[in-house]
S.K.: 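Sending over a structure as structure tokens; questions will come in a sec.
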Amino acid sequence: MVRVRFAPSPTGALHIGGVRTALFNYLFAKKHGGDFLLRIEDTDQNRYVPGAEQYIINSLNWLGLTYDEGVGKEGKHAPYRQSERKPLYKQYADALIENGWAYYAFDTAEALDIARKEAEAKGETFIYNWATRDTLQNSLSLSAEEVQQRLQRGDEYVIRFKMPHNEQLKMNDMIRGEVTIDTSTLDDKVLFKSDGMPTYHLANIVDDHLMEITHVIRGEEWLPSMALHLMLYRAFGWQAPAFAHLPLILKPVGNGKLSKRDGIKLGFPVFPMDWTENGETLKGFSGEGYFPEALINFLALLGWNPGNDEEIFSMEQLIQLFDLEKVHKAGARFDPEKIKWFNHQYLQMKPNGELATLFQKDLTERGVTAPIATVEKVVGLIKERASFVSDFWELSKFFFEAPTQYDEKAIKKQWKEQTPTIVKEVAEVLQNTANFTSIALEEAVKQYMETKGLGFGQVMPPLRLALVGELKGPHIFDIIEVIGKEETLSRLDAILSAEK
């Protein structure tokens, strides 16, 4: 059975790159009828940020990336916070020492710094591995008696992995294919720290094995760790999962990985939800009015496509179509305008009733009261020009408030000597139209124009100015139907009074 995990560290807000990693794990699991797990990797207590874990959970819930097991959904592999699994890891570190795959290292930070500087003086790079380990303070260079004495008196130590020398390690990545690396170039990574906590490398491998993870789908930044992780599986005698390393999400302009600073500088979110940091609230996609479906659709196509020109996919379609082998190796550039386009598309597809409910919250905050049926009609008339629900007010405020001033340039151009007479006569036509619907009103005004020999440009622009205040908005007779006869006649009278 396919089992994948999303394993973020609670060190701050969940970056959009992490969201895409979670999404690809989720799609892969559901495509194969498997399980999607959430594990919190909080072994680095110095970087732990209060609230970050709940933020991660809230973000996944908002996006609809429901996990099957994890924090708050305890299964047989609980607990799912690494800090709560602390007693597990020491026994596995000890097992590696016993079978010769790891060793104690007692080197102080000062001693390692001296070693680095000595190497630099020779024009070399210091690496703690087969080439240097015998000259340093560890259980490979010291006698068994001295090692035992150091341990008994409580000397600080770390446990390092003993990377083999001169082996051509062949690794297979589901996205990048086969990669070969010479183990002689790798260092002996620390697996267990003096504070009693494992490093990411040890905890990650032990947890993936115990949680029966079959596929590790993670960001490209972890590709350099793949060799160590495969070697750890070998050292434990465990079957390694399949690995897939996702391409980076790149800046919209310039080179490099998308960062929080890019979003601040260029004015777009890089977090799924709002996040408060150092007293400052950084807007997320949710807070900026994006729909979760739009963000999911956009992220799915960052580095992957189904092999056709289609762009709009529901979650069900994405699950059906998703294939790791179609994920690109190269980085995918983040396009702020494209995500807006996706939001626009999803807004158009939403029922007017759902959008009206969202818009009514905005109206209430503005002190505007209107029946939900009216709001729904308004939304239907203006939503095609909107990308966000927050755009609705500027596109529709004239439905709820009569204009108090009129576009000066438009008045100068459209308000002629005969215009007041035309507006009065149109008001009479509207007053006498019994069926106050858009179609009936348009027909009545057209008959009036034909009778008087008037052109479109003589009637419609002044009428629009009276009702809207500007030469914008949806079909003029749709506006009239929504605001009603009394309000329409009041606005026509108001512009006549204003232009006297």
Side-chain angles (χ1 to χ4, degrees), residues 344 347-348 352 355-356 359-360 362-431 433 435-446 448-449 454-500:
H344 174 79
L347 186 145
Q348 306 315 308
N352 292 340
L355 294 172
F359 184 32
Q360 198 162 49
D362 183 18
L363 292 174
T364 301
E365 289 176 2
R366 295 176 184 275
V368 176
T369 302
I372 190 67
T374 299
V375 179
E376 189 170 337
K377 286 181 182 178
V378 171
V379 165
L381 295 174
I382 55 97
K383 73 175 187 178
E384 68 179 28
R385 288 177 288 279
S387 292
F388 303 94
V389 172
S390 59
D391 295 336
F392 286 176
W393 175 250
E394 281 302 315
L395 291 169
S396 70
K397 58 186 177 183
F398 50 85
F399 281 101
F400 308 102
E401 297 178 348
T404 56
Q405 55 188 19
Y406 307 97
D407 186 309
E408 289 185 13
K409 288 184 179 179
I411 288 288
K412 285 181 181 179
K413 185 176 180 180
Q414 303 294 342
W415 204 265
K416 309 295 184 182
E417 186 178 342
Q418 72 274 30
T419 300
T421 300
I422 293 172
V423 171
K424 288 177 184 177
E425 292 175 348
V426 169
E428 287 182 29
V429 172
L430 299 177
Q431 175 72 58
T433 303
N435 184 11
F436 213 77
T437 64
S438 178
I439 294 173
L441 292 165
E442 184 172 3
E443 183 60 32
V445 172
K446 280 184 177 179
Y448 157 76
M449 290 167 60
L454 297 171
F456 180 90
Q458 293 172 284
V459 178
M460 298 305 173
L463 191 55
R464 187 173 291 279
L465 281 169
L467 300 178
V468 178
E470 303 174 71
L471 297 178
K472 69 175 189 179
H475 187 53
I476 191 68
F477 295 102
D478 289 341
I479 297 174
I480 294 173
E481 179 183 333
V482 171
I483 66 175
K485 181 181 288 188
E486 183 179 343
E487 179 64 20
T488 299
L489 297 177
S490 173
R491 293 187 189 190
L492 293 179
D493 185 60
I495 197 170
L496 290 172
S497 300
E499 293 305 315
K500 282 181 180 178

S.K.: Decide yes or no for V423 and L463: does some side-chain heavy atom of the first lie under 4.5 Å from some side-chain heavy atom of the second?
M.R.: no
S.K.: For L347 versus A386, what's the shortest heavy-atom pair and its separation?
M.R.: CD2-O, 4.1 Å
S.K.: Are the side chains of E443 and F477 in touch, meaning some heavy atoms are under 4.5 Å apart?
M.R.: no
S.K.: For K446, I'd like to know if atom NZ has over 12 heavy atoms of other residues, nucleotides or ligands within 6.0 Å.
M.R.: no
S.K.: Answer yes or no: is there a side-chain heavy-atom contact under 4.5 Å between L492 and L430?
M.R.: yes
S.K.: Heavy atoms, side chains only, cut-off 4.5 Å: are I422 and K416 in contact?
M.R.: no
S.K.: Which heavy-atom pair separates P403 from A466 by the least distance, and what is that distance?
M.R.: CG-O, 3.5 Å
S.K.: Compile the donor-acceptor pairs under 3.5 Å between side chains in residues 371-383 and protein atoms, sequence neighbours left out, one pair per line.
M.R.:
unit_1: K383; atom_1: NZ; unit_2: Q348; atom_2: O; d: 3.1
unit_1: K383; atom_1: NZ; unit_2: K350; atom_2: O; d: 3.0
unit_1: K383; atom_1: NZ; unit_2: N352; atom_2: OD1; d: 3.0

S.K.: I need the minimum non-hydrogen distance between E481 and L441, along with the two atoms involved.
M.R.: N-CD1, 4.3 Å
S.K.: Has R491 got a side-chain atom pairing as donor or acceptor with L467's backbone, closer than 3.5 angstrom?
M.R.: yes
S.K.: Can you classify the ring geometry of F359 versus F400 as parallel (below 30°), tilted (30 to 60°) or perpendicular (above 60°)?
M.R.: perpendicular
S.K.: Hey, does Q418 have a side-chain heavy atom less than 4.5 Å from the side chain of Q458?
M.R.: yes
S.K.: Taking only residues two or more places apart in sequence, or in another chain, which ones meet D362 in a side chain to side chain donor-acceptor pair (under 3.5 Å)?
M.R.: R366
S.K.: Rounded to the nearest 0.5 Å, how far does CD of E486 lie from CZ of F436?
M.R.: 10.5 Å
S.K.: So do P461 and W415 actually touch side chain to side chain, heavy atoms under 4.5 Å?
M.R.: no
S.K.: To the nearest 0.5 Å, what is the distance between CH2 on W393 and CG on L363?
M.R.: 6.5 Å
S.K.: Tell me the salt bridge (charged side-chain N to carboxylate O under 4.0 Å, His left out) pairs involving residues 388-410, sequence neighbours left out?
M.R.: E394-K397
S.K.: Would you say the side-chain atoms of E487 pair up with the backbone N or O of G484, donor to acceptor, closer than 3.5 Å?
M.R.: no
S.K.: Assess whether atom NZ of K413 is packed by more than 12 heavy atoms of other residues, nucleotides or ligands within 6.0 Å.
M.R.: no
S.K.: Keeping the roles fixed (side chain from Q360, backbone from A370), state whether a donor-acceptor pair exists under 3.5 Å.
M.R.: yes
